[in-house]
Amino acid sequence: MSKVKVSLPKGMRDFGPEQVQKRQYIINTIKSVFELYGFMPIETPVMENLTTLNGKGGEESDKLLFKVLNSGDYLKKAEQQHLEEKNYKSLLPNISEKGLRYDLTVPLARYVVMHQNELTFPFKRYQIQPVWRADRPQKGRYREFWQCDADVLGSDSLLNEVELIQIFAKVFKQLGIEMNIHLNTRKLLVAMVELSGKQDKLTSFTVILDKLDKIGIDKVIELLNEAGFNAKTFDLVKAIANNSSDFLNSEVAKQLAQTETGKVGLQELNKILSLIDDETKQQVKIDATLARGLDYYTGPIFEIKAAGFSGSLGSGGRYDNLTGNFGLPGVSGVGISFGLDRIYDVMKDQNLFPTSNTNITQVLLINFDKETEQQVFQLTTQLRQTGLKTEFYPTQAKLKKQMKYANDKNIPFVILAGSRELESGKLTLKNMQNGEQQEADIKTIISILKDSIGNE
RNA sequence: GUGGUUGUAGCUCAGUUGGUUAGAGCGCCGGAUUGUGGUUCCGGAGGCCGCGGGUUCAAGUCCCGUCUUCCACCCCA
């Protein structure tokens, strides 16, 4: 038998028991907050049709797509001409018609269109699933990662924005992560290009502005210049960069209010701020430079930034016409997304995971010998019926080995029940944390364990 | 996709201008201790030096290719 060298494809990761428990801790926290606000879970398949996935992003997102080859003899169906030309673009539709989803928003749009007659609007759904992107992995960027999304569809009310901001705040507070919620609205960005007379260049403008905190104002101006923006644009960008602390009362805000779009945008921000509770408000930063690359956003946009971590831990915003491409116009929505893997990284860096782990085995029964095995095995049932997470060592290994097993797995209690104990009816209970032992009958032991574990 | 970087024991890493049998710490296994883990002491196992090719009397070491890692860009959670 030849040995196969095992490895993982680029950017793919395994998670051990400890990591999975920590990831689930994050997921459970997010999930419980989503549900507290009335969101319901859905799940969608990992694969979608390429026609669906290409619905929004265009060329850029196409590069990030993992495509799946058609089943069967897929080359047979490929057109000879495309094969000979080796033209990727024209050949692709011949050999691949599905791909892995790269976010949860496009599948949501597809879902809503397909199930529109079953849904009650406003539709509040959450979705916690992995997504895949074929870009080069680096810090905080994975080829397979989990998003935790909550979206409200079919409601224009800004109360939704407020609630989603509160969800951000509540989740990160529960997790112990200090962060700021950067808030802006796309409408102000539109107002800026309108004032500059460059309405047609909104996407280019937002992409460049988005780099501000990374490359600085001078570089941004340079890029804007190269992209064909004018002095008016430069002035506006400089002004918003300089008025980061009190933007809403700044001169530039008044300027933006001269356009209808800008006026509405400022009203939106003021309305949202007026509805947010005081505690959450302290974490909200009006940030007129926040742009967000994705061009389907049309209203308020958010991004979560934590100190010491470049890149966002979450983001979101309002989109007016997400399902329009799929033949269902007029459905407005707003949503947020938590980046599970990045949240994990930050919590690991800052040591924020709780130390008490309630998921592990609480008590191990030692397996001494063949004579007592069956009798002790019965005890596991009794212990489990009381809710104690119980293990019975499956072989008669050396005591030392069994104790080491308990130690390595951080099991806090061990019950030793050999022939000696079974004869007397008093079992030995060992506390692995302090090494103390005591003898007692099974009922007493159960109540000791219950007390001890309940107090943690 | 562009540019750079990395790979030696399960893990973290040494390994000289190319030169005997590739090392350490931690971990693992066994013993001291046949009913007691985490400490201590003693012993042991474990390497296609990422993979493929080349240069050389000789390659972990130099060259080329490839895969992988990490980082920056692009873009983004």
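Sequence lines set the chain letters: A, B, ... in the order given, protein chains first and strands last, and positions in each chain run from 1.
- Atom OH in A:Y142 sits roughly 12 Å away from atom P in B:rU69 (whole-Å rounding).
- Distance, A:K10 NZ to B:rC71 P: 13 Å, rounded to whole Å.
- Nucleotides B:rG31 and B:rG38 are separated by 13 Å at their P atoms, to the nearest Å.
- Spacing between B:rU56 and B:rG19 at atom C1', rounded to whole Å, works out to 12 Å.
- With both pairing distances under 3.5 Å, B:rC62 is matched to B:rG54 as a Watson-Crick or G-U wobble pair.
- Distance check on atom C1': B:rC28 versus B:rC11 gives 11 Å, rounded to whole Å.
- Taking atom NZ of A:K63 as the reference point, atom P of B:rG1 lies 9 Å away to the nearest angstrom.
- The nearest whole Å value for the distance from the CZ atom in A:R23 to the P atom in B:rA77 is 17 Å.
- With rounding to whole Å, A:K67 atom NZ is found 10 Å from B:rG1 atom P.
- Annotation: A:Y102 is not in aromatic contact with A:F66 [ring centroid separation under 6.0 Å not met].
- Judged by distance alone with a 3.5 Å cut-off, a donor-acceptor contact links the side chain of A:R136 to the base of B:rG3.
- Centroid-to-centroid, the aromatic rings of A:F229 and A:F234 stay 6.0 Å apart or farther.
- For the P atoms, the distance linking B:rC51 with B:rG7 amounts to 13 Å, nearest Å.
- Geometric assessment of A:R13 against the ring of A:Y142 yields a positive cation-pi assignment under the 6.0 Å and 45° thresholds.
- Not less than 6.0 angstrom separates the ring centroid of A:F39 from the ring centroid of A:Y126.
- Rounded to an integer number of Å, the gap from A:L313 CG to B:rC76 C1' is 13 Å.
- Within the nucleic acid shown, A:V207 comes within 4.0 Å of sugar-phosphate atoms alone, with no base atom in reach, counting heavy atoms only.
- The base-pairing partner of B:rC41, taking Watson-Crick or G-U wobble contacts with both distances under 3.5 Å, is B:rG31.
- Side-chain atoms of A:N230 and A:T233 form a donor-acceptor pair, as typed in the model, at a separation below 3.5 Å.
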Exercise answer: donor-acceptor pairs, residues 373-380 of chain A side-chain atoms, under 3.5 Å, sequence neighbours excluded:
from	atom 1	to	atom 2	distance (Å)
A:E373	OE2	A:N367	ND2	3.0
A:E373	OE2	A:Q396	NE2	2.7
A:Q378	NE2	A:Q374	O	3.4
A:T380	OG1	A:F377	O	2.5

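- Rounded to whole Å, the P atom of B:rA72 lies 40 Å from the corresponding atom of B:rU55.
- A:F205 does not carry A:K198 over the face of its six-membered ring by the limits of under 6.0 Å from the centre and within 45° of the normal.
- The aromatic rings of A:Y344 and A:F353 lie tilted to each other, with the angle between the two planes from 30° to 60°.
- Taking atom P on both nucleotides, B:rC67 is separated from B:rC74 by 24 Å, rounded to a whole Å.
- Computed from coordinates, the A:D149 CG to B:rA77 P distance equals 9 Å when rounded to whole Å.
- Between A:L340 and A:Q147 there is no side-chain heavy-atom pair separated by less than 4.5 Å.
- Heavy-atom distances to RNA chain B give each of A:L223 and A:D341 a nearest nucleotide, and the one nearer the 5′ end belongs to A:L223.
- Atom CD of A:E18 is separated from atom P of B:rC11 by 17 Å (rounded to the nearest Å).
- Comparing the C1' positions of B:rU34 and B:rC48 gives an interatomic distance of 42 Å, to the nearest angstrom.
- Across the strands present, B:rC26 finds its partner in B:rG10; the criterion is a Watson-Crick or G-U wobble pair with both atom distances under 3.5 angstrom.
- Below the 3.5 angstrom threshold, one finds a donor paired with an acceptor across the side chain of A:R141 and the base of B:rC75.
- Residue A:G11 is in sugar-phosphate contact alone, with no base atom involved, counting any heavy-atom pair closer than 4.0 Å across all strands shown.
- Here the separation of B:rG46 from B:rC64, taken at their C1' atoms, is 33 Å to the nearest Å.
- Taking 4.0 angstrom as the limit, A:K211 places a side-chain polar atom (N or O) nearer than this to OP1 or OP2 of B:rC75.
- An OP1 or OP2 oxygen of B:rC71 is reached within less than 4.0 angstrom by no side-chain nitrogen or oxygen of A:Q138.
- Considering only side-chain N and O atoms, A:R292 lies under 4.0 angstrom from the phosphate OP1 or OP2 of B:rA77.
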Checklist line | Protein proximity profile, nucleotides 33-39 of chain B - base contact B, sugar-phosphate-only contact S, no contact -, cut-off 4.0 Å on heavy atoms | finding: --BBBB-

